[in-house]
Participant: 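The structure's right below; bear with me while I get my questions together.
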Amino acid sequence: MEYLKELPIKIAPEVEQALSKGEPVVALESTIISHGMPYPQNVETARNTEQIIRDYGAVPATTAIIEGIIHVGLNDDELEFMGKDKNVAKASRRDFAALVANKKNGATTVATTMIAADMAGIRVFVTGGIGGVHRGAQQTFDISSDLMELASTNVAVVCAGCKSILDIGLTLEYLETHGVPIIGYGTDIFPAFFTRRSDFGVDYRMDTPEQIARTLRYKWGLGLKGGVVIANPIPEEYSMDEKLITDAIEQGLKECEEQHITGKEVTPFLLSKVKDITGGSSLDSNIQLVYNNAKVGALVARAFAEEMKNK
Ligand code: PSU
Ligand code: MN
């Protein structure tokens, strides 16, 4: 049975054209804009990120739900709107249909950006950090739906690892169970977003975009559904002092518990606490690691487009 006559999706002409020619496209999320950073740095970062992707030879496609339409590729007014409007919902998988059906606005998380990218046929996605298993999940059951999406949707996510607001070990265990490979780009160690190191290793270290692209083609070519995490450490010069960031996260977690923050509010609350406690220096690092991911994402998308042409 058909539920919809057609998908309520609007793919920007530039994106559509690149996809139809097999040229490289990189998806970008909008929760990082609407709920991950303050205005106006969020919009400026989003614009610069798109520009970096262009400079490295790929077409950027920021995704969002605007008035119930799934947008893949935003224009400048739409980017500004996503960064400025206070009523844009944070849209993860469980929110997606309700927002589309009721013509609402939603900022896409890692999970829903993967969904939108997959609908459009985009295989490479750049973000800052993925969601994961929260500390204390043994009691709270707080596990980001980003992980379920990585388990099932064929999109590779370039990120700087995940923040230690999460239980990194349990996050990696979850991904292992669900068959999601963690590739370290030029590193053997899984990065912890603000810092280049965590206590955990990656599954495979790969030093070139070509090697990564080939692995992606084989994974999906073998019928192994699901995502891939490409972990790209923050550049040394922007990485933060480990103690400073650990203390800020500890304090953020404490306030989160005292104020009984739960559900989808947890991640944005912790992100903004860490930013406040570090006096904004974490925001600079956050921005820089996104730029670094944009560069790597564009290179991987280019290598993947080549792979698909020359299979
Ligand atoms: N982690 C970050 N920055 C972010 C997010 C996570 O360092 O902006 C956002 C992403 O959009 C991610 C979402 O998909 O938070 C996860 O939210 P939750 O934990 O509620 O699933
Ligand atoms: Mn959660």
Side-chain angles (χ1 to χ4, degrees), residues 27-39 41-42 45-46 49 62-65 82-83 88-96 106-117 125-151 153 155 157-168 170-171 174-175 190-195 198 227 229 231-234 238 240 245 248-249 252-253 256-257 260-275 278 282-290 292-293:
L28 295 162
E29 64 156 304
S30 47
T31 290
I32 190 173
I33 306 173
S34 304
H35 303 277
M37 286 183 196
Y39 183 82
Q41 289 98 327
N42 55 0
T45 303
T49 304
T62 304
T63 70
I65 301 168
M82 294 305 292
V88 174
K90 176 178 160 188
S92 202
R93 176 177 257 266
R94 63 109 194 255
D95 312 290
F96 204 80
T108 54
T109 62
V110 168
T112 45
T113 303
M114 290 179 75
I115 295 172
F125 160 30
V126 161
T127 188
I130 54 170
V133 180
H134 281 260
R135 295 202 206 175
Q138 296 88 332
Q139 265 78 45
T140 63
F141 271 46
D142 192 350
I143 301 176
S144 172
S145 20
D146 292 355
L147 300 187
M148 290 63 171
E149 211 58 53
L150 279 162
T153 301
V155 173
V157 182
V158 180
C159 63
C162 63
K163 290 196 175 81
S164 50
I165 58 170
L166 303 173
D167 187 319
I168 297 179
L170 293 188
T171 300
Y174 188 99
L175 291 170
F190 188 73
F193 198 88
F194 294 118
T195 56
S198 70
V229 173
N232 181 37
I234 184 172
Y238 300 111
M240 295 189 66
I245 206 72
I249 286 171
L253 286 164
C256 192
E257 199 176 317
H260 305 292
I261 309 288
T262 57
K264 69 196 271 188
E265 309 306 330
V266 170
T267 298
F269 179 88
L270 289 171
L271 299 181
S272 87
K273 277 290 154 206
V274 170
K275 178 181 78 62
T278 58
S282 69
L283 180 59
D284 292 337
S285 293
N286 195 345
I287 292 169
Q288 293 300 331
L289 66 83
V290 172
N292 187 46
N293 293 344

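Both ligands and their constituent atoms are indexed starting at 1 by order of listing.
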Participant: Less than 4.5 Å apart, any side-chain heavy atom of V266 and any of C256?
Facilitator: yes
Participant: Do any N or O atoms from the side chain of K90 and from the backbone of H35 form a donor-acceptor pair under 3.5 angstrom?
Facilitator: no
Participant: Please name the atom of D142, restricted to N, O or S, that is closest to the Mn ion (ligand 2).
Facilitator: OD1
Participant: Can you check side-chain contact (heavy atoms from CB on, under 4.5 Å) on Q41 and N286, steps first, answer last?
Facilitator: CA-CA 11 Å; Q41 289 98 327; N286 195 345; over 6 Å; no
Participant: Any nitrogen or oxygen of T109 lying under 3.5 Å from a nitrogen or oxygen in ligand 1? Just yes or no.
Facilitator: no
Participant: Quick check: S144 and ligand 1, any N/O pair under 3.5 Å apart?
Facilitator: yes
Participant: Once you restrict to heavy atoms under 4.0 Å, what part of T127 touches ligand 1? Side chain, backbone, both or neither.
Facilitator: neither
Participant: Look at atom 1 (N) of ligand 1 and say which protein heavy atom is nearest, naming residue and atom and giving the distance to 0.1 Å.
Facilitator: G129 O, 3.6 Å
Participant: Drop me the distance from M240's CE to S285's OG, to the nearest 0.5 angstrom.
Facilitator: 5.0 Å
Participant: Quick one: look up the protein heavy atom nearest atom 4 (C) of ligand 1 and list residue, atom name and how far away it is.
Facilitator: L271 CD1, 3.5 Å
Participant: Give a yes or no on whether the backbone of G83 and the side-chain of N42 come within a donor-acceptor separation of less than 3.5 Å.
Facilitator: yes
Participant: Flag V110 as yes when one of its N or O atoms lies below 3.5 Å from any N or O atom of ligand 1, and as no otherwise.
Facilitator: yes
Participant: Under a heavy-atom criterion of less than 4.0 Å, does H134 contact ligand 1?
Facilitator: yes
Participant: Tell me whether T171 contacts the main-chain N or O of V133 through its side chain, where contact means a donor paired with an acceptor under 3.5 Å.
Facilitator: yes
Participant: Measure the distance from atom 9 (C) of ligand 1 to every protein heavy atom, then report the residue, atom name and distance (to 0.1 Å) of the closest one.
Facilitator: T31 CG2, 4.0 Å
Participant: Using heavy atoms and a threshold below 4.0 Å, how should the contact between K90 and ligand 1 be classified: side chain, backbone, both, or neither?
Facilitator: side chain
Participant: Within this structure, what is the CG-CD1 distance for the pair L271 and I249, rounded to the nearest 0.5 Å?
Facilitator: 9.5 Å
Participant: I need the nearest protein heavy-atom contact for atom 19 (O) of ligand 1: residue, atom name and distance, please.
Facilitator: T267 OG1, 2.6 Å
Participant: When you compare the side chains of T112 and S92, does any donor N or O come within less than 3.5 Å of an acceptor on the partner?
Facilitator: no
Participant: Among protein heavy atoms, which lies nearest atom 7 (O) of ligand 1, and at what distance?
Facilitator: K163 NZ, 2.3 Å
Participant: Does D146, backbone or side chain, put an N or O under 3.5 Å from an N or O of ligand 1?
Facilitator: yes
Participant: For atom 11 (O) of ligand 1, find the nearest protein heavy atom and state the residue, atom name and distance (0.1 Å precision).
Facilitator: E29 OE1, 2.6 Å
Participant: Counting only N and O atoms by type, is there a donor-acceptor contact under 3.5 Å from the side chain of T278 to the main-chain atoms of K275?
Facilitator: yes
